[in-house]
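All residue numbers refer to positions in the sequence shown, counting from 1. Both counts, for ligands and for their atoms, begin at 1 and track the order of listing.
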Amino acid sequence: MTTKSLPTPYFMIKEDLLQKDIDLLRTSLEENWGNYVMGYSVKTNALPWLLTHLQKQCFYAEIVSDAEYQLSKHLGFTEQNMIYNGPIKNQEYFNSFLLQGGFLNIDSHDELAWLQALSLLYPEKNFQVGVRVNFDIAAACPEEDLIEEDGGRFGFCYENGALKDAIDLIQSLPNVKVTGLHMHSSSQSRTLHIFAALARTACKVAAQYQLDLSYVDMGGGYYGGRPDKPNYADYFKTICGELKKQFDPSKTLLIVEPGVSLISSATTFVTSVVDVKDIRNHRYVVTDGSRTNLNPMVTRHEYPHHIERKNDNRVTLPSQWITGFTCMEYDRLFECKDEAELLPGDRVIYDTAGGYTMCLNPLFIRYLPSVYVEKTDGEMFMAREQWGIEEFLQKNYY
Ligand SMILES: *Cc1c(COP(=O)(O)O)cnc(C)c1O
């Protein structure tokens with residue numbers, strides 16, 4: 001199978017590019033801290049091939065829902081190589097995690113009640129938990145003008161004392177200890193300043209509340225595969241430089257939970273031109289991909305891409321609008337200005353596309369596109385078949 005013969009549209013993952021980012025993550029953590037756990041955010045892209053591929057590379061599954069727990073278990077992860085986060089946990093899984101010693105970061109009040117109940121039920125056992133920290137990032141980053149970063153809505157608020165109350169309550173249980181802080185904060189800007197502030201806050205909270213931490217979880221939210229942006233080497237130099245002021249790498253584990261930064265440079269979305277139409281003063285190029293495949297909320301106006309034409313003898317046209325397969329007027333991806341004419345059979349390939357949207361993809365008009373993996377040896381592997389009506393009809397009753 002060669003890429004030229006694959007029916008479009010499809011997402012493509014290049015295994016060698018994915019490996020480059022995995023290796024960069026590993027060496028950055030190795031060189032700057034040494035004692036670390038690489039988690040992977042299942043929410044970002046739960047493609048079963050990807051999860052099992054990362055499991056083989058010793059990643060932990062970072063999960064935030066019942067479905068992600070069940071999927072990760074199904075694919076072979078155990079509680080000991082999962083990290084359980086998020087504001088809506090399941091009490092049964094919560095108990096199972098803590099009894100088996102998996103990493104779990106508390107994010108809501110019902111979990112505090114479950115913890116009290118578990119502590120009473122198993123007085124002979126010792127439990128360890130992390131707590132998700134919420135603080136005012138904008139105030140902690142005076143270097144930057146962070147209009148959109150208000151510290152988010154997750155975790156327990158540092159400024160109003162809710163974090164201290166949660167920690168005090170946990171520490172008051174005879175057989176439970178706060179052994180971790182969860183710092184994940186998904187900022188728009190993903191800057192080094194933000195990660196420095198997150199690391200400084202972990203130090204401050206640990207010192208102020210006299211916590212003896214066995215781990216700090218810095219979460220995800222990094223850039224990856226963007227030459228104009230920081231990469232893992234930059235992030236972990238900055239983060240670890242701050243963490244070393246309070247923590248000893250031999251005693252405190254550094255956990256990370258990247259998602260999109262790990263996979264975006266390896267992923268593309270490949271579409272074909274199906275038709276071209278002249279309508280009044282516009283040339284429309286109809287393709288079998290859609291804005292909904294790349295950006296389901298259709299808020300984006302830029303789609304990094306390259307074009308493969310079947311041949312070179314083409315006239316130059318002042319304007320061609322690349323449009324998608326849906327029957328929505330808004331499904332116009334970008335305008336080619338003063339470029340060679342596009343014709344049916346040409347391919348429009350979106351670069352660094354699909355990190356999230358391989359799975360965060362609406363079942364709108366067509367169902368999930370297929371996913372291929374180009375293996376390191378050049379072989380093509382179909383990781384997901386295009387969804388059809390069989391998948392759509394399942395669990396429907398009529
Ligand atoms: C979403 C999320 C991540 C991963 O975020 P990316 O931006 O994809 O790196 C990691 N940890 C938690 C808790 C998350 O919610």
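- Arg190 NH2, 3.2 Å is the protein heavy atom nearest to atom 7 (O) of ligand 1.
- Close approach to Tyr356 involves these atoms of ligand 1, each under 4.0 Å from a residue heavy atom: 1 (C), 5 (O), 6 (P), 7 (O), 8 (O).
- If you number the atoms of ligand 1 from 1 as listed, the ones under 4.0 Å from a heavy atom of Glu62 come out as 10 (C), 11 (N), 12 (C), 13 (C).
- Distances shorter than 4.0 angstrom do not occur between any heavy atom of Phe154 and any atom of ligand 1.
- You'll find the ring centres of Tyr84 and Tyr93 outside the 6.0 Å limit.
- Residue contacts with ligand 1: His182 is placed with no nitrogen or oxygen under 3.5 Å of a nitrogen or oxygen of the ligand (distance criterion only).
- Nearest to atom 15 (O) of ligand 1 among the protein's heavy atoms is Lys43 NZ, 2.8 Å.
- Note on ring orientation: taking the six-membered ring where Trp is involved, the planes of Tyr235 and Phe195 are perpendicular (angle over 60°, cut-offs 30° and 60°).
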Evaluate Tyr222 against Tyr232 for side-chain contact (heavy atoms from CB on, under 4.5 Å), listing each step before the verdict. CA-CA 8 Å; Tyr222 315 97; Tyr232 293 137; 4.1 Å; yes
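- Nearest protein heavy-atom neighbour of atom 3 (C) of ligand 1: His184 CE1, 3.4 Å.
- Atom numbering of ligand 1 starts at 1 in the shown order; those under 4.0 Å from a heavy atom of Glu257 are 3 (C), 4 (C), 10 (C), 11 (N), 12 (C), 13 (C).
- Counting heavy atoms of neighbouring residues, nucleotides and ligands inside a 6.0 Å radius, atom OH of Tyr122 does not exceed 12 of them.
- Classification of the His282-Tyr284 ring pair by plane angle, with boundaries at 30° and 60°, yields tilted.
- In this structure, Val64 does not count as a contact residue of ligand 1, since none of its heavy atoms falls inside 4.0 Å of the ligand.
- For ligand 1, the atoms closer than 4.0 angstrom to any heavy atom of Gly221 are 5 (O), 6 (P), 7 (O), 9 (O).
- Salt-bridge formation is detected for the pair Asp228/Arg226: a Lys NZ or Arg NE/NH1/NH2 atom is positioned less than 4.0 Å from an Asp or Glu carboxylate oxygen.
- By the neighbour-count criterion of 12 heavy atoms within 6.0 Å, atom NZ of Lys375 is densely surrounded, having more than that number from other residues, nucleotides or ligands.
- With a 4.0 Å heavy-atom cut-off, ligand 1 is reached by the backbone of Val260 and by its side chain too.
- For the pair Glu339 and Arg309, the salt-bridge criterion is met [side-chain N within less than 4.0 Å of a carboxylate O].
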